[in-house]
Amino acid sequence: MGPPRVFFGFDNSYQRLPSRFYARLAPVPVADPHLLLFNAALAEELGLAPSELEPWAHQLFAGNLLPADAEPIALAYAGHQFGHFVPQLGDGRAILLGEVIDRQGKRRDIQLKGSGKTPFSRQGDGRAWLGPVLREYLVSESMHALGIPTTRSLAAVTTGESVIREERFPGALLTRVAASHVRIGTFQYFACRGDYAGVRTLADYVIERHFSALEPQGDPYLALLQAVAERQAMLVARWMQVGFVHGVMNTDNMAIAGETIDYGPCAFMDSYHPATLFSSIDQWGRYAFANQPQIAAWNLARLAETLLPIMALDDKVALERSKAVVEGFFERFSHHWLAGMRQKLGLASAAPEDAGLVQELLAAMQNGAADYTLTFRRLAAAAVEPGADEAVRSLFSDPAAYDGWAMRWRARLRQERLDDKTRLASMQRVNPACIPRNYWVEKVLDAALQGGDMEPFQALLGVLSHPWHEDADGSRYAAPPPPFQEKYQTFCGT
Ligand code: AMP
Ligand code: MG
């Protein structure tokens, strides 16, 4: 009996774009694939019939067995890495198997990451190792549970091969699901070659795929820039509301569809500080927590540069309007950010003093090294029961700083007639109890990597998929790190 014919029900639109947009090639098979994680709920959502698929999952998600309707490609893109332009990056270790239309009618990419060399591999080996694969699986699924737009993780397999980084590590692949893999860097790839027919084809494709509701009047490419800016503003605001530091916001790591993508050195902050930075290679703090809006705007300016030449507007007008969109990013970001912070404080309405109230709290948290997640989570109880203040105060090295602020906060809460039950529930719905705390992530990855024990990983993954849950408050995963584990570094050797 030959290998089974498995169909994913692919409908591949990117493969219908001109051939210079990608390279056609299959994943490189691996020695001995084993399935470590399979996201059956996501498979269901994608219409993949998980039970039929599971017997072959280790082969399928290793790239050893191709779905019969796959048309595998590696995508071309460029990008600014830490501010320096690289004209050719591309999928150096990833293969897009194809696109499915999910149960809600949305088009989703299914991509293998760690699938072997491609024409875009440059000096790389085309592979990934187990540590970063597990990390991306955990953090991306946690982000999804937090309601933040993100790529998803469908499966993780080990390869039975080693990958050489600083040491020899077990090889692995991640199967990533995305609204698409078009990045700002994809536009730059064509623009830097003077290929504006390519930029236009890509822009039209992206409008149809992601922004089909764009206002038809005016210049469609200016409207596209505006729409991308809006999604980035919403996304970065959501990151900052949960203390997420992406860590490598290069233009090739910013998805046009507005999803969080490319989980490398990312991490969540414990105690609040705007300069929080985890990545060992980010010497200058370019991608530090509080810089994220500035960087998003900088990236949008790079996108604008690629779109300007294809706008039908007069050159000067096109430039002025594009500049206005990029500069307007900060207003859009602030709007989304403040709206979210109000919710975090339990406010259902807007008042002029709110921005100040939020800033005062953040300043006190910074001075008092208060835990970001727990401060907001515990404010929910304090909002309805002043006796619960002690649990918040104790998070600050100078508890008195909280007391002064809490008086102003309560006065503001009293302006609204909201019953306690509603307020508590709405605050708990936006202030998670559990985020992927670095010391826990390390602990469960250690168990998986050192002892092959996936149980701690599964337990944490389970808790993180219900981050708002009331019971989660008492959970050991909600606790801040022991002091000696506070300094945390992430590495790019993925
Ligand atoms: P990343 O740092 O994962 O965003 O990747 C940046 C660029 O380097 C992309 O073009 C990747 O495809 C490429 N890349 C990263 N790791 C490898 C690898 N092990 N082999 C080949 N290309 C890689
Ligand atoms: Mg990348």
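For ligands, and for the atoms within them, numbers begin at 1 and follow the listed sequence. Since this is a predicted model, take the numbers as computed values, not measurements.
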Atoms of ligand 1 less than 4.0 Å from [X] heavy atoms?
| X | answer |
| --- | --- |
| G126 | 18 (C), 19 (N), 20 (N), 21 (C) |
| L89 | 10 (O) |
| D262 | 4 (O) |

Heavy-atom proximity to atom 7 (C) of ligand 1 ranks first, among R122, E136, Q123, for R122
Looking only at non-hydrogen atoms, the one of G114, G92, A78 nearest atom 12 (O) of ligand 1 is G92
Please say whether D91 places an N or O atom under 3.5 Å from an N or O atom belonging to ligand 1.
no
Does any N/O atom on G90 come nearer than 3.5 Å to any N/O atom on ligand 1? yes
The answer for which part of Y77 has a heavy atom under 4.0 Å from ligand 1 is side chain
Checking heavy atoms under 4.0 Å, the part of R165 that sits near ligand 1 is side chain
In terms of heavy-atom contacts, C434 and V463 come closest through SG-CG1, 3.6 Å
Name every donor-acceptor pair, under 3.5 Å, that has one atom in a side chain of residues 58-70 and the other anywhere in the protein, sequence neighbours excluded.
from	atom 1	to	atom 2	distance (Å)
N64	OD1	V30	N	2.8
N64	ND2	V30	O	3.0
D69	OD1	F8	N	3.1
D69	OD2	F8	N	3.4
D69	OD2	G9	N	2.8
D69	OD2	F10	N	2.9

4.0 Å heavy-atom contact, G264 with ligand 1: no
From the list E141, E136, E259, salt bridge (charged side-chain N to carboxylate O under 4.0 Å, His left out) with R152 holds only for E141
- Taking the six-membered ring of Y22, is the NZ or CZ of R24 close enough (under 6.0 Å from the centre) and on axis enough (within 45°)? no
Do K117 and D125 sit within salt-bridge range, that is, some charged N less than 4.0 Å from a carboxylate O? no
From the list H181, R176, H246, side-chain hydrogen bond (donor to acceptor under 3.5 Å, both in side chains) partner of D262 resolves to R176
